[in-house]
Amino acid sequence: MTYFSLYALLLAGTTLLASSLSAQAPKRVQQVKVFGTASAVEVEIQASGNVVPQSQMITGPDRIIVDFPGALPAAELRNMNVNRGAVKAIRSGLFSANPPVTRVVLDLSEPQSYQIFSVRNVVMLKVGPLKGAKVADAALTTASSEQTPAPPPKPPVEVTFQDGLLRIHTERATLSQVLFEVQRQTGAEIAIPAGAESEEIAVELGPAPAREVLAALLNGSRYNFIFVGNNRGRTLQKAILSVR
């Protein structure tokens, strides 16, 4: 084999490796734009590739959360003061590093109805007054020959609730993720505070009464908390958290 043939072979291998690494690189949430009027605000979120957003409306404080599994925030992504209609501000950042999840939060002055439309790498949210209707969450995607990528594995959070006993196990998850799972498993109303999505914790608690486990989780944190349930602590109906 000549020197030039060997060089060409090495160059082809390097190019193939670079292409493979590029294909495996996570997508990026690149830009957030705000359009519309005070009565109907539209928020456009652009990514570097096809994305499948996950959204939810949370109260206390009121906000709309849009997660982008498998995507990282771009370096140019910034928080925005909006003050248009009920949308006060928009916060963007990394919610989970492994697997990667970028979170975009719309801070609201009051609960709003919303619709979310996803077309390849662009996600559009339409936010407006409730007008007595339930919050709407519609996701539309364009027909494509490309197969929708499988969602990344769930974060390592294990929450079980059986016979009034709560157990929480996580090696690396955010406080927001843990509280959301507790809320889902127990059926209790938990107002997840802003900022909890950026606090990573590792705990092994329970099984024990729900209020005891939550108190152990939150003791020493930067949050005040009040639990509503029966006096013996066997049930949990509501948890109210506020920053100290």
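Across all non-hydrogen atoms, the minimal contact from V213 to G206 is CG2-CA, 4.1 Å. Taking both residues in full, the closest heavy atoms of E44 and V122 are given as CG-CG1, 3.8 Å, listed atom of the first, atom of the second, then distance. Contact detail for L236 and A188: the closest heavy-atom pair is O-CB, 3.4 Å. Heavy-atom minimum distance, F35 versus R84: C-NH1, 3.5 Å. Between V101 and P69, the shortest heavy-atom distance links the atoms CG2-CA, 4.1 Å. Closest approach of T170 to R172, counting heavy atoms only: OG1-N, 3.3 Å.
In this structure, OG1 in T160 is found 11.0 Å from CD in E181, a value given to the nearest 0.5 Å. Annotation: the span from S109 atom OG to K88 atom NZ amounts to 6.5 Å, rounded to 0.5 Å. How far OG1 of T186 is from NZ of K238: 13.5 Å, rounded to the nearest 0.5 Å. Atom CZ of residue R78 and atom CD of residue Q31 lie 12.0 Å apart, to the nearest 0.5 angstrom. In this structure, M57 CE and Q112 CD are separated by 7.0 Å, a value rounded to the nearest 0.5 Å. Rounding to the nearest 0.5 Å places OH of Y223 at 11.0 Å from CG of L217.
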Kindly indicate, with the supporting measurements, whether the criterion salt bridge (Lys or Arg N to Asp or Glu O under 4.0 Å) is fulfilled by D107 and R63.
CA-CA 5 Å; D107 292 317; R63 59 197 187 277; 5.4 Å; no
One pair to check against salt bridge (Lys or Arg N to Asp or Glu O under 4.0 Å): K33 and E42. What are the steps and the verdict?
CA-CA 8 Å; K33 298 180 181 179; E42 296 183 356; over 6 Å; no
Report the C-alpha separation of R120 and N50 in whole Å, then their side-chain angles, then the decisive distance to 0.1 Å, and conclude whether the side chain to side chain contact (heavy atoms under 4.5 Å, CB included) test is met.
CA-CA 4 Å; R120 294 186 180 178; N50 289 10; 3.5 Å; yes
Mind running side chain to side chain contact (heavy atoms under 4.5 Å, CB included) on L106 and V43 for me, showing each step along the way?
CA-CA 9 Å; L106 280 66; V43 178; 3.9 Å; yes
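Hydrophobic clustering, with ILVMFWY side chains joined whenever heavy atoms are under 4.5 angstrom apart, groups I201 together with I190. M80 is not connected to L94 by any chain of hydrophobic side-chain contacts under 4.5 Å among Ile, Leu, Val, Met, Phe, Trp and Tyr, and they are in different clusters. Both L218 and V243 are assigned to one and the same hydrophobic cluster, defined by single-linkage of ILVMFWY side chains at heavy-atom distances under 4.5 Å. V66 and L77 end up in the same hydrophobic cluster when Ile, Leu, Val, Met, Phe, Trp and Tyr side chains are linked at under 4.5 Å. Residues M124 and V34 do not share a hydrophobic cluster, defined by chaining ILVMFWY side chains whose heavy atoms lie under 4.5 Å apart.
Under the 4.5 Å side-chain criterion, counting only non-hydrogen atoms from C-beta, L72 is not in contact with V29. With contacts defined as side-chain heavy-atom distances shorter than 4.5 Å, the pair L166/P207 does not qualify. Using a 4.5 Å heavy-atom threshold, the side chains of N121 and V51 count as separate. Within the 4.5 Å cutoff, the side chain of L214 has heavy atoms near those of the L179 side chain. At least one side-chain heavy atom of Q56 sits less than 4.5 Å from a side-chain heavy atom of F180. Side-chain contact between F161 and V182 is absent, with no heavy-atom pair separated by less than 4.5 Å. In this structure, the side chains of R167 and E158 come closer than 4.5 Å at one or more pairs of heavy atoms. Counting heavy atoms from C-beta outward, Q115 and L125 have side chains that stay 4.5 Å or more apart.
The number of heavy atoms from other shown groups lying within 6.0 Å of CD (E76) is above 12.
Between V104 and the options P73, S55, S92, P53, a side chain to side chain contact (heavy atoms under 4.5 Å, CB included) holds for only S92.
Not one N or O on the side chain of T102 forms a donor-acceptor pair closer than 3.5 Å with the backbone of F68. A donor-acceptor pair under 3.5 Å links the side-chain atoms of S113 to the main chain of G128, judged by distance alone.
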